[in-house]
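Indexing begins at 1, ligand by ligand and atom by atom, following the structure's order.
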Amino acid sequence: MKILLTGGAGFIGSHTIIELLYAGHSVCVVDNFVNSSAEAMRRVEKITGVSIPFYQVDIRDHDALSAVLDQHPVDCCIHFAGLKAVGESVSLPLEYYENNISGTLVLVDVLRKHGCRNIIFSSSATVYGDPAVIPITEDVSKGKCTNPYGWTKWMIEQILTDLHTADPSWNVVLLRYFNPIGAHPSGLIGENPNGVPNNLMPYITQVAAGKLECLHVFGNDYDTPDGTGVRDYIHVVDLARGHVAALQAVEKNVGVEIYNIGTGKGYSVLEIVKAFENATGIEIPYVIDPRRPGDIGTCYSAPGKALAELGWKAEFDIEDMCRDSWNWQKRNPNGYVSD
Ligand code: NAD
Ligand code: UFG
């Protein structure tokens, strides 16, 4: 298939390009580089040996996006583009709603005007809120989000579902990611957070690199085996392959379908620290801090639906994830900026 990736230069998009190309698909990328760079695209080209058409385009720019699709007709869009910093979304709600929601509205309008009615959307386990059932299956009701970022995912899921109701020729695949970590085993591409990382694994790798002094563990009084938060960490290469598998749902004309993309295993913060130390031999000093506002205790998936219907399951284990995260950090101490 010919696939448009919005936000394709970002962490998950860049890994997905590689897996799509390996599976025989062709790609076209748009990204405004607000949280990525053309260097990521050059690295993907280096890994794959393929020259990739990519355009510095904001998905809110109707004319520019139309011009790309005039030149590159596509069968399906994988929609990664969006702002994703949870804390920032609390202080900049309008910017988040505008970028993520207006961007999606413009995108689907341009797609339908170009005869493409297939979309795979990057959603998040955050739409479950504080989940009523663990492990979380796709039929668990959506919950209340604790921040504007989460609400944009919640609302975009609804908008795309309504779009299918109005025009059943649309196929909408909602992928609810759990916690992607790791990096491409080449060490050429990975997660490139701006400033001090908010997420656990990039924080740990920066402690390991000596850029940060010690890890702050947010709370040890949750109802979990060691009191620290439990999450379903998934290797970004597995997640990328989940998108290739999701194309089968599009080919089968499923209408609207939701898949959890996780491993089904939960690890606590302290278990991640241990796994990182085992995988790398580097000690991670930590202190226990109060809970982070908006956090929940436990969140992990029941990933069986994606296996049953798409034949997809995660293959990498937690040591692989830690090793590849560290390999990326070690080789690229300043991310995509060469030092
Ligand atoms: P990322 O920030 O690395 O990638 C997003 C990309 O979108 C960036 O390259 C950014 O420059 C681009 N972008 C943002 N706004 C744009 C716009 N208006 N026009 C064009 N490009 C734009 O993030 P990621 O981790 O790769 O996440 C990809 C998607 O998956 C996002 O939608 C994110 O919300 C979602 N998601 C991520 C996680 C996670 O933990 N990383 C979890 C659940 C869902
Ligand atoms: N944590 C720490 N210290 C840190 C960072 C995180 O103890 O410095 C803890 C958190 O309290 C939590 C766990 O590590 O228990 C994971 O935290 P992350 O910030 O890495 O991930 P979250 O589960 O909070 O959020 C992530 C993405 C969201 C997405 C959500 C979906 O950041 O975008 O997963 O489940 F919505």
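Looking at Thr126 against ligand 2, both its backbone and its side chain come within 4.0 Å, counting heavy atoms. Here Val269 has side-chain heavy atoms under 4.0 Å from ligand 2, and that is the only part of it that gets that close. Only the backbone of Asn198 comes within contact range of ligand 2, with a heavy atom under 4.0 Å; no side-chain atom does. Of the heavy atoms in Asp295, only side-chain atoms (C-beta onward) come closer than 4.0 Å to ligand 2.
Every atom of ligand 1 is numbered from 1 in the order shown, and the set under 4.0 Å from a heavy atom of Gly7 is 6 (C), 7 (O), 12 (C). Close approach to Tyr149 involves these atoms of ligand 1, each under 4.0 Å from a residue heavy atom: 33 (C), 34 (O), 35 (C), 36 (N), 43 (C), 44 (C). Listed by number with element, the atoms of ligand 1 under 4.0 angstrom from any heavy atom of Phe33 are 11 (O). Atoms of ligand 1 found under 4.0 Å from any heavy atom of Val34 (numbered from 1 in listed order, with element): 10 (C), 11 (O), 13 (N), 14 (C), 15 (N). Per-residue contacts place Ser36 under 4.0 angstrom from the following atoms of ligand 1 (heavy atoms of the residue considered): 8 (C), 9 (O), 11 (O). Against a heavy-atom cut-off of under 4.0 Å, Ser123 is close to the following atoms of ligand 1: 43 (C), 44 (C). Those atoms of ligand 1 with a heavy atom of Gly10 less than 4.0 angstrom away are 3 (O), 4 (O), 9 (O), 26 (O). Per-residue contacts place Val57 under 4.0 angstrom from the following atoms of ligand 1 (heavy atoms of the residue considered): 19 (N), 20 (C).
For atom 29 (C) of ligand 2, the closest heavy atom belonging to the protein is Ser124 OG, 3.4 Å. Pro180 CG, 3.5 Å is the protein heavy atom nearest to atom 39 (C) of ligand 1.
Between Lys153 and ligand 1 there is a heavy-atom distance shorter than 4.0 Å. Using 4.0 Å as the threshold, Tyr128 has no heavy atom nearer than that to any atom of ligand 2. Within the structure, the closest approach of Tyr222 to ligand 2 does not fall below 4.0 Å when heavy atoms are considered.
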Please assess Arg42 against Glu45 for the test salt bridge (charged side-chain N to carboxylate O under 4.0 Å, His left out), listing each intermediate value before the final yes or no. CA-CA 5 Å; Arg42 285 190 280 275; Glu45 291 184 328; over 6 Å; no
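Taking the side-chain contact (heavy atoms from CB on, under 4.5 Å) definition, one finds that Glu277 meets it with Val273, Lys274, Glu283, Ile284, sequence neighbours left out.
Leu175 pairs with exactly one of Ile78, Ile261, Ile258 by the side-chain contact (heavy atoms from CB on, under 4.5 Å) rule, that one being Ile261.
Looking at Phe178 next to ligand 1, no N or O pair under 3.5 Å apart turns up.
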